[in-house]
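FYI, side chains are in, hydrogens and waters are out, and symmetry mates aren't considered; it's all heavy atoms of this structure. All values derive from a computational prediction rather than experimental measurement. Positions are given from 1, in the same order as the sequence printed here.
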Amino acid sequence: HTHETDAQMIIVAGAGTVLSEDPVVNGTQVERGSCVFFEKLKPHGFKAGQTGLTFLSRNGGIVDAINEWDILFTPAG
């Protein structure tokens, strides 16, 4: 998926793999305490490991003041 704002994702529990159009971070293994930067409008996500994955997103707001979501899902492929 993509957003119209940059985001910094902080892993707070579990572990997984970064999925990103950005080759610098794509495939990176993350765990609790890891921090990943995702640039706006670039497809990104995570593949959770066996223990799951929980993250905190620091950004300009995935949900705005009128509860509209800033998210566009990327087709599988």
Taking atom [atom1] of [X] and atom [atom2] of [Y], what is their separation to the nearest 0.5 Å?
{"X": "His44", "Y": "Asn26", "atom1": "NE2", "atom2": "CG", "result": "12.5 Å"}
{"X": "Thr54", "Y": "Ile10", "atom1": "OG1", "atom2": "CD1", "result": "13.5 Å"}
{"X": "Thr51", "Y": "Arg32", "atom1": "OG1", "atom2": "CZ", "result": "12.0 Å"}

When you measure from the side chain of Asp6 to the backbone N and O of Lys40, does any donor-acceptor pair fall under 3.5 Å?
yes
Classify the ring geometry of Phe38 against Phe46: parallel below 30°, tilted from 30° to 60°, perpendicular beyond 60°.
perpendicular
What do the steps show when you test Cys35 against Gln8 for side-chain contact (heavy atoms from CB on, under 4.5 Å), and what is the final call?
CA-CA 7 Å; Cys35 185; Gln8 183 180 41; 3.1 Å; yes
Between [X] and [Y], is any pair of side-chain heavy atoms under 4.5 Å apart?
{"X": "Val36", "Y": "Val30", "result": "yes"}
{"X": "Leu56", "Y": "Met9", "result": "no"}
{"X": "Ile11", "Y": "Leu53", "result": "yes"}

Check this for me: Gln50, atom CD, are more than 12 non-hydrogen atoms of other residues, nucleotides or ligands nearer than 6.0 Å?
no
